[in-house]
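Accompanying notes for the structure given below.
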Amino acid sequence: MKKSLIWIGGIVAVAAIGWSALWFLGRSELSKQIDLELARAEAQGQTITWGTREIDGFPMGYDLRLTDVAVTDQESGILLQIPEVRSRLHAASIERIEADVLGKIRITAPIAEETRQTDPRLPQVINLVGENDGLRLSVEIIAGARRDFRVTAERSVWRVDQEDFPNRIVLQADGVESRQTVRGSDRVANIALDRLKLEVDGDADGQAARVEYAVEDLSITTTTTATTLDELLTIVVGGEGSAELVYQSGRIDALAETGDPAGSDRDRFSYTGLSGTGIITVADGRLEFRTEGRENVWTVDPTEAPSMIRGSFEAEAIQTSYAMPIAVRSTPEAANLRFSAINVAGDEVFWAQLDPARVLDRAPSEMIIDIETTARVTGSYAAAAAQGRLPVEFSNIIVNEVAVSALGGAIHASGDIELLQPLNLPMGSLNVTLTEIANLIDALHRAQLIDDETLTTADAMLDVYTNPGSDEQTRVTEVTLGTEGLTINGLPVP
């Protein structure tokens, strides 16, 4: 029995010594991982320093504590300051590091001289202060390489913290979950927020101004081959590589207001949307995007009504898609633009001002634009913008459909127009169909929105520039572009 106890005691002593050796070995590996992260950040243009670094927690784990952490972006000069970072790691595994960020975070960002010239009130730097509840960082390291980085927070509130800044700006995010990971050659980042709210107070043309924006259930995912900001900017202007952004949101509320919010002397504009989705892709020298907003409501409430329209406008859906080359090429490439606004309607406040006698047709309006073309980028967008021009040559424009229906009338156009380069001379035609336009013109006159002279002129132009269509309510015409200029229904337009 005594000999057994001696053996057990010896085993325990050896195990304790071995565990201690493993703990100190793990501590050394942890230090190496931290130094590796420093070197990786430095290679990407970021310098990280701290006041003190402590690694304790023997024997069951590692308690890492960093104080006065500073991260500087070498290119932009942006400085991030964190009072304290604490982390608890299990001794058996140091591949995943989770850390709590404590104290107020400060960001100091220089403002470019070009930006300051647009508003002399702007300071040389802007200081932001962030207060966070439950802010936690998580890093997973596999085979010496960072593969997964996460940020979570119950709430994060950021403010501009300086007296010489002209506006009050507050950004609040609730339920923050962010992740950055590596998938092959792609860097994938996702951020999900329960709610995001932005508040800005300042002045506009000497009047008090306020802007509020809030969005619920926001999710944004980006995927790119870029590893640095410079590489990403190169992709955006048509260089090699790819970048994609996908977003989805729930309810959106926006408000812009000038004047006294508590009084009647103020202009107010607001927007509400039930949901929004979109995808933006830049790859192979092309830009493409698709967006959709559902149950959109715009409300305009100006001071000087009725000289300005007041009321609300609702659209069941707004959809947009766009594709365009952005890199310089020797040959044209396909491009397109599609837009639709479905079931657009005004409320009673709007109609009471526009048509108190209830003469006009109040059925919801619609707009559809569907255009295809071929385009060639001839040079730098930045250089062309400085010269006030667009560095793109269009070869032809195919108008599949341009249609608008409102107030009981409708217009539909389609056709094909060639653009002869380098003169950019349009050649082609559009076939136009007008439905119920004569009745619409008459209704506008009875609603006192156009006078007698305008009514006479509009009826005469309809007779001269259009022909009868398939029925009494339809008129058709052809718009032709050529070497002799613009003609409508075979008649030249001066």
Side-chain angles (χ1 to χ4, degrees), residues 292-293 296 298 309 311 313-322 335-346 350-351 354-355 358-373 394 396-419 426-482 485-494:
E292 180 179 32
N296 309 273
W298 297 266
I309 290 297
F313 309 87
E314 180 176 348
E316 178 182 328
I318 303 290
Q319 300 171 326
T320 305
S321 68
Y322 175 84
N336 63 71
L337 170 65
R338 296 181 176 89
F339 171 84
S340 63
I342 308 300
N343 286 340
V344 182
F350 164 75
W351 284 112
L354 184 68
D355 181 31
R358 305 185 70 88
V359 173
L360 300 177
D361 189 325
R362 299 189 178 188
S365 304
E366 292 191 356
M367 174 182 290
I368 297 174
I369 299 174
D370 184 357
I371 298 174
E372 297 180 61
T373 183
F394 294 97
N396 72 312
I397 299 175
I398 301 174
V399 180
N400 294 318
E401 182 179 20
V402 173
V404 179
S405 62
L407 304 176
I411 299 176
H412 182 279
S414 62
D416 190 349
I417 298 174
E418 294 285 339
L419 293 173
M427 301 283 289
S429 63
L430 295 175
N431 296 313
V432 182
T433 301
L434 301 94
T435 305
E436 298 281 358
I437 295 300
N439 289 339
L440 173 57
I441 294 172
D442 179 64
L444 291 173
H445 180 255
R446 288 186 289 113
Q448 299 182 0
L449 295 174
I450 61 174
D451 57 22
D452 294 344
E453 183 179 352
T454 304
L455 171 65
T456 302
T457 302
D459 286 339
M461 292 182 65
L462 198 62
D463 288 337
V464 171
Y465 287 110
T466 66
N467 297 316
S470 58
D471 55 53
E472 294 182 356
Q473 305 304 327
T474 302
R475 307 287 294 184
V476 297
T477 189
E478 183 179 36
V479 179
T480 303
L481 296 164
L486 173 66
T487 62
I488 300 179
N489 200 29
L491 301 174
V493 177

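The basis for the numbers below is simple: all heavy atoms, side chains too, and nothing from hydrogens, waters or symmetry mates. Position 1 is the first residue of the sequence, and the numbers go up from there.
- For Asp463, there are no side-chain hydrogen bond (donor to acceptor under 3.5 Å, both in side chains) partners at least two apart in sequence or on another chain.
- Other residues, nucleotides and ligands contribute only 12 or fewer heavy atoms inside 6.0 Å of the CE atom of Met461.
- The two residues Val432 and Ala413 come nearest to each other via the heavy atoms CG2-CB, 4.1 Å.
- Annotation: side chain to side chain contact (heavy atoms under 4.5 Å, CB included) contacts of Val399 (sequence neighbours excluded): Ile397, Val402, Leu430.
- Residues Leu407 and Leu444 meet the side-chain proximity criterion, which asks for heavy atoms closer than 4.5 Å.
- Judged as a side-chain hydrogen bond (donor to acceptor under 3.5 Å, both in side chains), and not counting sequence neighbours, the contacts of Arg338 are Asn336, Asp370.
- Residues Val344 and Met367 fail the side-chain proximity criterion, which asks for heavy atoms closer than 4.5 Å.
- For the side-chain hydrogen bond (donor to acceptor under 3.5 Å, both in side chains) test, residues two or more places apart in sequence or in another chain that qualify with Thr474 are Asp471.
- Put simply, CD1 on Ile411 and CD1 on Ile437 are 4.5 Å apart, with the number rounded to the nearest 0.5 Å.
- Taking OG1 of Thr433 as the start and CZ of Arg475 as the end, the distance is 12.0 Å to the nearest 0.5 Å.
- In this structure, CD1 on Ile417 lies 10.0 Å from OG1 on Thr373, to the nearest 0.5 angstrom.
- Considering only residues two or more places apart in sequence or on other chains, Leu354 meets the side chain to side chain contact (heavy atoms under 4.5 Å, CB included) condition with Phe350, Trp351, Leu360, Leu449.
- The side chain to side chain contact (heavy atoms under 4.5 Å, CB included) test applied to Gln319 returns Glu292, Arg294, Ser340, not counting sequence neighbours.
- For the salt bridge (charged side-chain N to carboxylate O under 4.0 Å, His left out) condition, the pairs that include at least one residue of residues 442-453, sequence neighbours left out, are Asp442-Arg446.
- Shown here for Gly346 and Phe313, the closest heavy-atom pair between the two residues is CA-CD2, 4.2 Å.
- Residues meeting the side-chain hydrogen bond (donor to acceptor under 3.5 Å, both in side chains) test with Glu316, sequence neighbours left out: Asn343.
- Contacts of Phe339 classified as ring pair (Phe, Tyr, Trp, His ring centres under 6.0 Å), with partners at least two apart in sequence or in another chain: none.
- Proximity of Glu436 to Asp361: side-chain heavy atoms (C-beta onward) are nowhere separated by under 4.5 Å.
- For the pair Ile450/Ile441, a side-chain contact is recorded, criterion being any heavy-atom separation below 4.5 Å from C-beta on.
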Side-chain donor-acceptor pairs of residues 485-494 under 3.5 Å, sequence neighbours excluded:
unit_1, atom_1, unit_2, atom_2, d
Asn489, OD1, Asn467, ND2, 2.8
Asn489, ND2, Val464, O, 3.2
Asn489, ND2, Asn467, OD1, 3.3

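- Closest approach of Gly482 and Met427 over heavy atoms only: CA-SD, 3.5 Å.
- Atom CD of Gln448 sits in a sparse spot, with 12 or fewer heavy atoms from other residues, nucleotides or ligands closer than 6.0 Å.
- For Asp416, the side chain to side chain contact (heavy atoms under 4.5 Å, CB included) partners are Asn396, Ile398, Glu418, not counting sequence neighbours.
- Taken from CD1 in Ile318 to CD1 in Ile342, the straight-line distance is 8.0 Å, to the nearest 0.5 Å.
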